[in-house]
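Since the structure comes first, as structure tokens, the remarks are kept for the end.
For this chain, numbers begin at 1 and follow the sequence in order. Values in this document were obtained by computation on a predicted structure and should not be read as measured data. All values below were derived from every heavy atom in this structure, side-chain atoms included, with hydrogens, water molecules and symmetry-related copies excluded.
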Amino acid sequence: MELQEGLRLLEEALQDCRLANLKRSGFGNKRIPKSIEDEVERELNSIYIRVEGIMKTCPQIETYIDHNNIHFSRVFWETDLPSLIDAIKADIK
């Protein structure tokens, strides 16, 4: 897979991650219903698996990853994935 296609797929995954998390934000300080929480977790798990697949099929992405700053745990995807996308965009332009 070409780097531009990998970038496009990563951007889609990031958008999907943000949309999934919006379902949680509507509850404010209230407790999120278990059904909503489970649905969001399933969606996020699917996105994380999809991102791993993108990285495997587009090995050029690996060159953009500084393993000291990118953490491959679910907790950090929301901050590290945007940084990774920005780094790739900067080089492609």
Side-chain angles (χ1 to χ4, degrees):
M1 172 186 319
E2 294 292 325
L3 186 57
Q4 290 85 352
E5 178 67 9
L7 174 62
R8 185 186 66 76
L9 294 172
L10 287 177
E11 288 176 319
E12 286 177 6
L14 178 60
Q15 182 63 24
D16 291 346
C17 185
R18 289 177 174 160
L19 290 173
N21 280 316
L22 276 176
K23 292 178 183 177
R24 289 180 178 157
S25 66
F27 292 94
N29 292 334
K30 297 178 188 173
R31 187 158 202 264
I32 300 169
K34 179 90 169 113
S35 62
I36 300 293
E37 187 65 34
D38 290 346
E39 177 184 345
V40 170
E41 285 302 311
R42 280 191 302 276
E43 288 179 28
L44 291 175
N45 284 335
S46 174
I47 294 165
Y48 301 139
I49 291 168
R50 189 171 66 186
V51 168
E52 288 174 357
I54 294 166
M55 291 182 171
K56 287 179 183 175
T57 58
C58 187
Q60 304 96 316
I61 292 173
E62 187 76 21
T63 63
Y64 289 89
I65 298 173
D66 177 358
H67 291 284
N68 294 324
N69 294 325
I70 302 287
H71 305 280
F72 291 103
S73 67
R74 291 177 25 187
V75 175
F76 294 100
W77 275 115
E78 291 174 34
T79 57
D80 292 336
L81 188 54
S83 298
L84 177 61
I85 289 170
D86 290 342
I88 295 170
K89 278 183 176 179
D91 276 358
I92 288 178
K93 289 185 177 182

**Request:** Check whether any side-chain heavy atom of R24 lies under 4.5 Å from a side-chain heavy atom of E41, and answer yes or no.
**Result:** yes

**Complete:** Scanning both residues in full, the closest heavy-atom pair of L44 with C17 reads CD2-SG, 3.7 Å

**Message:** Does this structure show an ion pair linking K56 with E52, if we count only N-O contacts that are shorter than 4.0 Å?
**Reply:** no

**Request:** Might you point out which heavy atoms bring G6 and C58 nearest each other, and give the distance in Å?
**Result:** CA-SG, 4.2 Å

**Item:** Shared hydrophobic cluster for V40 and I49 (ILVMFWY, side-chain gaps under 4.5 Å)
**Value:** no

**Message:** If I compare all heavy atoms of E12 with all of R50, which pair ends up nearest, and what's the gap?
**Reply:** O-NH2, 3.9 Å

**Request:** Show your working on side chain to side chain contact (heavy atoms under 4.5 Å, CB included) between Y64 and L3 and close with a plain yes or no.
**Result:** CA-CA 11 Å; Y64 289 89; L3 186 57; 3.5 Å; yes

**Fill in**
In this structure, CG of L81 is separated from CG of D86 (nearest 0.5 Å) by 9.5 Å

**Asked** Got a second to check how far T63's OG1 is from I88's CD1, nearest 0.5 Å?
**Response** 7.5 Å

**Asked** Who are the side-chain contact (heavy atoms from CB on, under 4.5 Å) partners of Q4, not counting sequence neighbours?
**Response** E2, I92

**Minimum heavy-atom distance between A13 and I47, given as atom pair plus value** = O-CG2, 3.6 Å

**Message:** Can a side-chain donor-acceptor contact be found between R42 and N45 if the only test is distance below 3.5 angstrom?
**Reply:** no

**Asked** For L10 and L84, which heavy atoms make the closest approach, and how far apart are they?
**Response** CD1-CD2, 4.2 Å

**Item:** Side-chain cluster (under 4.5 Å, hydrophobic types only) that L22 belongs to, other residues
**Value:** L19

**Message:** Test of understanding: with side chain to side chain donor-acceptor pair (under 3.5 Å), list the residues that count as partners of K89, not counting sequence neighbours.
**Reply:** E11

**Prompt:** Atom CG of L14 and atom CG of D80: how far apart are they, to the nearest 0.5 Å?
**Reply:** 11.5 Å

**Item:** Approximate separation, where rounding is to 0.5 Å, of T57 OG1 and E5 CD
**Value:** 9.0 Å

**Message:** Could you measure the distance from the CD atom of E43 to the CG atom of N21? Nearest 0.5 Å is fine.
**Reply:** 9.5 Å

